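In each ligand, atom 1 is the first atom listed, and ligand 1 is the first ligand listed. Please read these numbers as outputs of a predicted model, since none were measured by experiment.
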Amino acid sequence: MGKRKVLVTGSAGFIGYHLSKLLLEDGFRVHGFDGMTDYYDVTLKQRRHQMLLQNEGFTATEGMLEDLELFDQMADDFAPDIIVHLAAQAGVRYSLENPRAYIDSNVVGTFNVMEAARRHKVDHLLMASTSSVYGANDEMPFTETEKADTQLTIYAATKKANESMAHSYAHLWNIPSTMFRFFTVYGPWGRPDMALFKFTKGIIDGTPIDIYNNGDMFRDFTYVEDLVRGIRLLIDSPPVRPESKDDIEEGDSLSPAAPYRVVNVGNSDKVRLMDFVEAIEDALGKKALRNYMEMQKGDVPATWADATLLHRLTGYRPATDFRDGVNQFVAWYRDYYKV
Ligand SMILES: NC(=O)c1ccc[n+]([C@@H]2O[C@H](COP(=O)([O-])OP(=O)(O)OC[C@H]3O[C@@H](n4cnc5c(N)ncnc54)[C@H](O)[C@@H]3O)[C@@H](O)[C@H]2O)c1
């Protein structure tokens, strides 16, 4: 059997970069697809792709998911066995400013990916959803089998739409499909729009950092290397359509009508935002100037993953302590920006 071929969309992004790197180390052939959008510093995305291109198992196409002709040509040329779809307009807060970007990238773009998965009869289609789909749910930790119908932003709504879209295609065309719900991912090569990056920059520059809801927030921070290890293992656990409802085990989100499942990928650890800030201060050896602010529209006070299903499917549980992960990030940041 030749090397398995994985199409990774969003390969120049934070998670796509780490996942592609891991898959290459594991001997997969990887084709990356990324539109290099200017939502944040494009140089960071280019640097990530340059690093991946040093591996001969990696090839890439630059383009937008919505460019159907280009996307189809790329998918036909590469003929993937597996698709991991991570490209998206990400970010909760930006979705209040520019909601249309989310419809274009996440709804139209994801549909194009699903069509390619159908044409190529892939062995497994895996796509990124988010803990934000739990919206106003307040029963913690969040489990995949609970109802998630109260999205609070258009970002969350497009991701919930992706889950429904994927379910329908899994049902109609028998495409084994896994949707990941990620929980606040952080680590080296991280995203400049996210808290860890902004806090680190602010503390180094001596500028105030915005702390929402006066710091009364909790997040299930997931270290990126743990996250991509979880994805890697889930690739080998494609859902199988059950013969009857009775075949679905308690706590499994497997659909009764399709080879389709939703899986939380989180650390299962609820961390106080202020403890996270203190870990950054400790790593930098410098105190932050704190600008306490109200809760932001569309934001939620807490997220916390029940990751039992991930563990049951893969035998794996993310476990990096946030202080270790923060140290790794700060070391990378200092090295990358020479500060
Ligand atoms: N990082 C997190 O904490 C987190 C949490 C929950 C869910 N997610 C989801 O995980 C996935 C990866 O997130 P990330 O943190 O790596 O984000 P990222 O922004 O770093 O990566 C996304 C990549 O997709 C590309 N892209 C965006 N729109 C595109 C389009 N229309 N066509 C082609 N390329 C496009 C961007 O250029 C970027 O490189 C996303 O789907 C995101 O919604 C991330």
Side-chain angles (χ1 to χ4, degrees), residues 7-21 32-49 52 60-68 70-71 74-75 83-95 98 100-113 116 126-134 142 153-163 166 179-197 219-224 226-228 230-231 262-267 300 303 305 318 325 329:
L7 169 60
V8 176
T9 72
S11 50
F14 170 41
I15 298 171
Y17 161 70
H18 284 278
L19 177 69
S20 300
K21 187 163 162 276
F33 184 87
D34 200 295
M36 303 284 174
T37 66
D38 63 3
Y39 170 58
Y40 65 76
D41 184 15
V42 176
T43 314
L44 189 56
K45 298 183 180 183
Q46 287 165 341
R47 287 281 295 275
R48 296 186 187 121
H49 250 192
L52 294 173
T61 303
E62 266 185 44
M64 296 297 280
L65 300 166
E66 304 90 300
D67 184 345
L68 186 56
L70 175 82
F71 188 80
M74 176 280 305
I83 299 179
V84 185
H85 173 45
L86 301 172
Q89 177 58 57
V92 172
R93 295 193 185 98
Y94 183 65
S95 71
N98 187 4
R100 190 169 300 277
Y102 292 74
I103 302 296
D104 293 343
S105 290
N106 304 2
V107 180
V108 179
T110 297
F111 176 64
N112 291 345
V113 174
L126 305 98
M127 310 208 280
S129 183
T130 168
S131 59
S132 298
V133 301
Y134 290 109
F142 295 140
T153 59
I154 202 78
Y155 168 61
T158 58
K159 291 290 185 175
K160 186 67 201 295
N162 287 168
E163 294 182 2
M179 299 296 301
F180 322 112
R181 290 182 182 160
F182 296 151
F183 287 69
T184 319
V185 190
Y186 74 101
W189 294 94
R191 267 169 45 197
D193 62 318
M194 292 185 68
L196 175 56
F197 201 111
R219 285 291 179 272
D220 192 339
F221 293 101
T222 311
Y223 190 58
V224 68
D226 290 350
L227 180 103
V228 298
I231 297 177
V262 174
V263 184
N264 286 341
V265 188
N267 213 48
V300 295
T303 64
F329 173 80

I need the contact type for [X] against ligand 1. Using non-hydrogen atoms and a strict under-4.0 Å cut-off, is it side chain, backbone, both or neither?
{"X": "Y186", "result": "neither"}
{"X": "M64", "result": "both"}
{"X": "S11", "result": "neither"}
{"X": "R181", "result": "neither"}
{"X": "V185", "result": "both"}
{"X": "Y39", "result": "neither"}

Where [X] and [Y] come nearest, the two heavy atoms and their spacing:
{"X": "L86", "Y": "G16", "answer": "CD1-CA, 3.6 Å"}
{"X": "S11", "Y": "H49", "answer": "OG-NE2, 2.8 Å"}
{"X": "T222", "Y": "G266", "answer": "OG1-CA, 3.5 Å"}

Does [X] reach the main-chain N or O of [Y] with its side chain, forming a donor-acceptor pair under 3.5 Å?
{"X": "N264", "Y": "A305", "answer": "no"}
{"X": "R48", "Y": "W189", "answer": "yes"}
{"X": "T61", "Y": "F33", "answer": "no"}
{"X": "T153", "Y": "V92", "answer": "no"}
{"X": "H18", "Y": "P188", "answer": "yes"}
{"X": "Y102", "Y": "I154", "answer": "no"}
{"X": "D220", "Y": "N267", "answer": "yes"}
{"X": "N162", "Y": "S129", "answer": "no"}

Looking only at distances, please establish whether an N/O atom of ligand 1 is found under 3.5 Å from an N/O atom of [X].
{"X": "F182", "answer": "no"}
{"X": "T130", "answer": "no"}
{"X": "R48", "answer": "no"}
{"X": "I15", "answer": "yes"}
{"X": "F33", "answer": "no"}
{"X": "S131", "answer": "no"}
{"X": "F14", "answer": "yes"}

Closer than 4.0 Å to some heavy atom of [X] - which atoms of ligand 1 meet that?
{"X": "G10", "answer": "23 (C), 24 (O)"}
{"X": "A128", "answer": "9 (C), 10 (O), 11 (C), 41 (O)"}
{"X": "Y40", "answer": "18 (P), 19 (O), 20 (O)"}
{"X": "R191", "answer": "1 (N), 2 (C), 14 (P), 15 (O), 17 (O), 18 (P), 19 (O), 20 (O)"}
{"X": "M36", "answer": "37 (O)"}
{"X": "S105", "answer": "28 (N), 29 (C), 30 (C), 31 (N)"}
{"X": "A12", "answer": "39 (O)"}
{"X": "L86", "answer": "11 (C), 12 (C), 40 (C), 41 (O)"}

What is the distance from atom NE2 of H85 to atom CG of L7, rounded to the nearest 0.5 Å?
10.0 Å

Looking only at protein heavy atoms, which one is nearest to [atom], and how far off is it?
{"atom": "atom 32 (N) of ligand 1", "result": "L65 N, 2.9 Å"}
{"atom": "atom 39 (O) of ligand 1", "result": "D34 OD2, 2.7 Å"}
{"atom": "atom 34 (N) of ligand 1", "result": "G35 N, 3.0 Å"}
{"atom": "atom 24 (O) of ligand 1", "result": "A87 CA, 3.4 Å"}
{"atom": "atom 22 (C) of ligand 1", "result": "A88 O, 4.0 Å"}
{"atom": "atom 21 (O) of ligand 1", "result": "G13 CA, 3.3 Å"}

A side-chain contact here means heavy atoms from C-beta on lying under 4.5 Å apart; do Q89 and Y155 qualify?
no

Without hydrogens or angle criteria, can the side chains of T37 and K45 be said to hold a donor-acceptor pair below 3.5 Å?
yes

Taking atom types as modelled and ignoring hydrogens, do the side chains of D193 and Y94 form a donor-acceptor contact shorter than 3.5 angstrom?
no

Judged by non-hydrogen atoms, does [X] sit under 4.0 Å from ligand 1?
{"X": "M194", "answer": "yes"}
{"X": "K159", "answer": "yes"}
{"X": "Y155", "answer": "yes"}
{"X": "S129", "answer": "yes"}

Do the rings of F221 and Y186 sit parallel, tilted or perpendicular, given the 30° and 60° boundaries?
perpendicular

Measure up the F180 and F182 rings against each other and bin them: parallel (under 30°), tilted (30 to 60°), perpendicular (over 60°).
parallel

NZ or CZ of R181 within 45° of F142 ring axis and under 6.0 Å
no

